[in-house]
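Taking it in order: structure first as structure tokens, then the write-up.
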Amino acid sequence: TGKKEIDPAILEQMEEVMLTSDVGVKTTQAILERLREGMAKNELSDADAVWAALRAEATRILSIGGPRPAKEKPLVVLMVGVNGVGKTTTIGKLATKWSADGKKVVLAAGDTFRAAAVQQLEVWGKRVGAEVVKGKEGADPGAVAFEATKKANEAGADVLLVDTAGRLHTKVNLMEEIKKVKRTIAKAMDGAPHETLLVLDATTGQNALTQAALFKEALELNGLILTKLDGTAKGGVVLGVCDELKVPVRYIGLGERAEDLREFVAADFVEALFGKDDGEAEAA
Amino acid sequence: MFDAIAKGFRQAKNRLAGLTELTEQNIETALREVRLSLLEADVELGVVKVFLARVKEKALGEVVRVRAKGQGGETMKVSAADQFVKICHDEIIEFMTGEGPALTFAEKGITGIMMVGLQGSGKTTSSAKLARYLQKDGKKPLLVAADMQRPAAVEQLQVLGKSVDIPVFNIPGESPVAICEKAEAEAKRLGRDVIIYDTAGRLAIDEALMQELADIKTKVEPENILLVVDAMIGQDAVKVSKGFHDRLSLTGVVLTKLDGDARGGAAMSVKEVTGAAVRFAGIGEGTDKFEEFRPEGMASRVLGM
Ligand SMILES: Nc1nc2c(ncn2[C@@H]2O[C@H](COP(=O)(O)OP(=O)(O)OP(=O)(O)O)[C@@H](O)[C@H]2O)c(=O)[nH]1
Ligand SMILES: Nc1nc2c(ncn2[C@@H]2O[C@H](COP(=O)(O)OP(=O)(O)OP(=O)(O)O)[C@@H](O)[C@H]2O)c(=O)[nH]1
Ligand SMILES: [K+]
Ligand SMILES: [Mg+2]
Ligand SMILES: [Mg+2]
């Protein structure tokens with residue numbers, strides 16, 4: 001195919017694709033500005049090149065490096081996020097994955113608040129064959145996490161996954177509570193939790209930016225998990241989250257089953273947003 | 001970072017401040033700012049366009065009306081900004097307001113209410129909240145646990161039902177359709193007059209599970225089908241609500257998690273594409289954190305005022 005002329009409408013089309021994917025006004029404008037600069041400098045010679053530049057820019061934003069914990073035993077992972085995003089399910093999925101890798105996994109039922117949250121985690125524990133450490137009903141979540149960290153240590157577990165109750169980032173008392181849970185885990189084991197992961201729901205719009213900012217401020221996040229990407233939502237808001245907060249996406253959720261979890265690959269995610277490298281952008 | 005949450009609407013107002021008259025030009029400028037504000041509030045892009053077109057038409061109409069009056073010697077008492085704000089505000093309220101009552105009750109016999117929606121939107125919690133709300137109103141609800149999929153979903157509803165002293169019906173090992181079908185006999189046996197069906201979360205594109213809902217609907221013929229929507233939902237609100245509406249003909253919407261700081265633009269998107277209005281608001285995790293939805297309060301929130 002021959003080279004195409006740059007249609008000024010192309011930026012408008014890109015804007016539309018980004019806005020309808022929840023990228024948000026601010027990030028969309030910032031990305032388009034960078035592309036415009038490229039076009040002004042005549043670096044981008046045709047429509048394909050502009051789309052390629054958009055994909056490259058998005059991939060760059062999402063490719064956040066940083067150290068990953070390696071040899072901690074047990075590796076303690078604290079799962080946090082607002083209500084209903086998929087924390088407990090993601091713990092079940094990660095437990096499945098790590099068990100299959102031959103690791104000994106323990107789960108901590110740190111959601112002592114929501115109705116039947118402990119039973120939900122216990123179902124996952126049974127499926128995976130992982131021990132679930134739980135407290136009495138209405139127990140202090142910090143106490144459960146402390147107990148679980150001790151137990152995981154004694155049992156020689158490789159991984160401890162700590163479930164927590166959903167909490168809106170705007171609720172000061174609940175954010176204080178989760179900070180305390182984190183501090184309590186550190187008392188049970190030096191350096192733990194090694195990973196504090198924020199779960200974001202791909203159907204969420206611009207509110208995800210505030211969620212990530214406030215959870216990061218409270219807990220110093222190591223990574224993000226983006227769930228529910230098996231639906232029609234694109235999860236474009238993570239572009240803004242990654243651009244502003246520099247917290248990497250670690251995993252994506254693609255369904256409700258144990259095996260519906262993937263490592264995050266920036267290029268694949270960008271392709272789902274903006275279409276494939278060859279040919280037209282068909283994202284929408 | 002919080003500056004990123006555009007104060008577009010305030011800016012639109014500022015651009016008009018001091019101006020005594022709405023004109024074609026200043027309306028255009030103000031509309032651009034409102035567009036940004038609505039997008040930041042997660043109103044879907046297509047719905048934003050429809051909204052702006054309506055506001056523009058009304059604002060231009062106002063220009064004409066005021067000019068005509070002006071020639072008649074009348075003096076302007078409100079500023080252009082105030083006029084414009086009022087037009088936007090009124091239009092949003094109109095966008096979100098539903099006709100008729102929030103719920104339809106069966107003339108005789110038992111009233112059915114089906115709760116449907118995406119995973120984690122708040123169906124189970126809202127089922128218990130709605131049951132409690134109706135009980136306070138003198139009704140005798142029965143909760144039906146028809147989510148046989150999500151781990152411990154039945155137990156969750158049982159715990160919630162117990163906390164508000166409302167019976168919960170389920171048949172272990174049965175299919176959701178069969179459970180719903182048998183609930184009416186149980187309601188009669190227990191002398192209950194409203195049945196609330198809590199269904200499993202599902203994607204609107206999941207054909208098999210959407211068929212299951214359609215089958216439940218056919219079997220129990222509920223008077224009400226409420227879509228439960230998370231106030232934090234973004235652009236996907238349109239595809240989701242359209243997907244559910246096309247299969248089930250929604251009668252209303254419950255907007256949950258409004259106790260956070262989400263602007264809740266979905267309230268506009270969902271109504272625009274389905275005609276089903278938000279009827280109830282979830283404002284916390286407790287079963288008492290539930291109220292009738294008020295479009296007036298929501299309009300300011302969506303506009304970021
Ligand atoms: N389609 C889809 N559904 C998911 C995914 N991850 C989780 N879910 C579903 O989302 C719903 C909520 O998941 P949970 O794991 O209970 O979420 P949570 O964050 O632990 O919820 P709370 O503890 O109540 O705050 C459940 O119905 C899950 O099956 C996913 O990747 N795709
Ligand atoms: N803050 C707040 N949390 C809510 C509200 N409504 C529900 N939740 C919480 O959101 C989470 C999900 O609620 P559920 O009622 O389990 O949602 P669901 O739609 O039944 O989920 P699935 O059955 O897994 O699809 C739980 O943690 C609830 O406590 C609300 O109005 N405000
Ligand atoms: K998707
Ligand atoms: Mg949970
Ligand atoms: Mg449920």
Side-chain angles (χ1 to χ4, degrees), chain A residues 15-16 19-29 82-86 88-89 92 113-124 126-127 165-171 201-211 213-214 227-228 230-237 240 244-245 255-256, chain B residues 1-6 8 35-37 39-42 44-46 48 118-122 124-125 128 149-160 162-163 200-201 203-206 230-240 243 256-257 259-266 284-285:
Chain A
E15 182 187 42
E16 183 129 350
L19 290 177
T20 53
S21 309
D22 292 308
V23 174
V25 174
K26 194 184 164 209
T27 307
T28 297
Q29 294 312 335
V82 301
N83 307 81
V85 287
T88 307
T89 307
F113 178 75
R114 211 210 61 206
V118 176
Q119 286 97 315
Q120 185 186 359
L121 192 70
E122 281 183 312
V123 172
W124 279 105
K126 261 204 202 96
R127 282 182 188 171
R167 69 199 70 230
L168 295 177
H169 50 288
T170 49
K171 306 225 160 147
D201 179 332
T203 58
T204 305
Q206 299 311 297
N207 196 248
L209 288 163
T210 334
Q211 290 171 26
L214 292 190
T227 60
K228 310 188 194 177
D230 46 325
T232 41
K234 303 274 187 179
V237 69
E244 289 184 26
L245 302 178
E256 301 187 71
Chain B
M1 136 109 239
F2 296 105
D3 303 335
I5 299 161
R35 174 179 180 271
L36 295 183
S37 186
L39 286 169
E40 290 292 351
D42 292 318
E44 195 261 352
L45 183 61
V48 170
L118 290 183
Q119 288 93 346
S121 58
T124 304
T125 310
Q149 185 174 318
R150 134 116 182 240
V154 176
E155 289 86 340
Q156 184 187 1
L157 192 65
Q158 281 166 343
V159 170
L160 291 171
K162 198 168 172 203
S163 76
L203 301 170
I205 52 169
D206 188 328
D230 185 324
M232 298 179 269
I233 195 172
Q235 299 284 308
D236 204 34
V238 160
K239 282 190 188 130
V240 170
T256 64
K257 309 181 198 175
D259 44 322
D261 60 353
R263 300 258 299 272
E285 294 192 72

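What you see below is based on every heavy atom in this structure, not just the backbone, and it leaves out hydrogens, waters and symmetry mates.
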Student check: side-chain heavy atoms of B:V240 and A:T203 closer than 4.5 Å:
no
If we only count heavy atoms from C-beta on, is the B:T125 to A:R114 side-chain gap below 4.5 Å?
no
Check each atom of [X] against the heavy atoms of chain B and say whether the ones under 4.5 Å are side chain, backbone, both or neither.
X	value
A:V82	side chain
A:E16	both
A:E15	side chain

Interface moiety of [X] toward chain A, non-hydrogen atoms closer than 4.5 Å:
X	result
B:L45	side chain
B:I205	side chain
B:D259	both
B:L157	neither

Between B:R150, B:R35, B:E44, which shows the greatest number of heavy-atom pairs under 4.5 Å with chain A?
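Option with the greatest count: B:R150.
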Testing the basics here: between B:Q235 and A:T20, what is the closest heavy-atom pair and its distance to 0.1 Å?
CB-O, 3.4 Å
Minimum heavy-atom separation for B:V159 and A:A115, please, with both atom names.
CG1-CB, 3.7 Å
Can you tell me how far apart [atom1] ([X]) and [atom2] ([Y]) are? Round to the nearest 0.5 Å.
X	Y	atom1	atom2	result
A:K228	B:Q119	NZ	CD	6.5 Å
B:M232	A:N83	CE	CG	6.5 Å
B:L203	A:D230	CG	CG	5.0 Å
B:E155	A:Q120	CD	CD	10.0 Å
B:D261	A:T210	CG	OG1	5.0 Å
A:D22	B:D42	CG	CG	6.0 Å

Do you know which of A:R127, A:Q119, A:K126 makes side-chain contact (heavy atoms from CB on, under 4.5 Å) with B:P151?
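Running side-chain contact (heavy atoms from CB on, under 4.5 Å) over A:R127, A:Q119, A:K126 with B:P151 returns exactly one hit, A:R127.
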Heavy-atom pairs under 4.5 Å with chain B: which of A:V118, A:L121, A:L168, A:V123 has the most?
A:L168
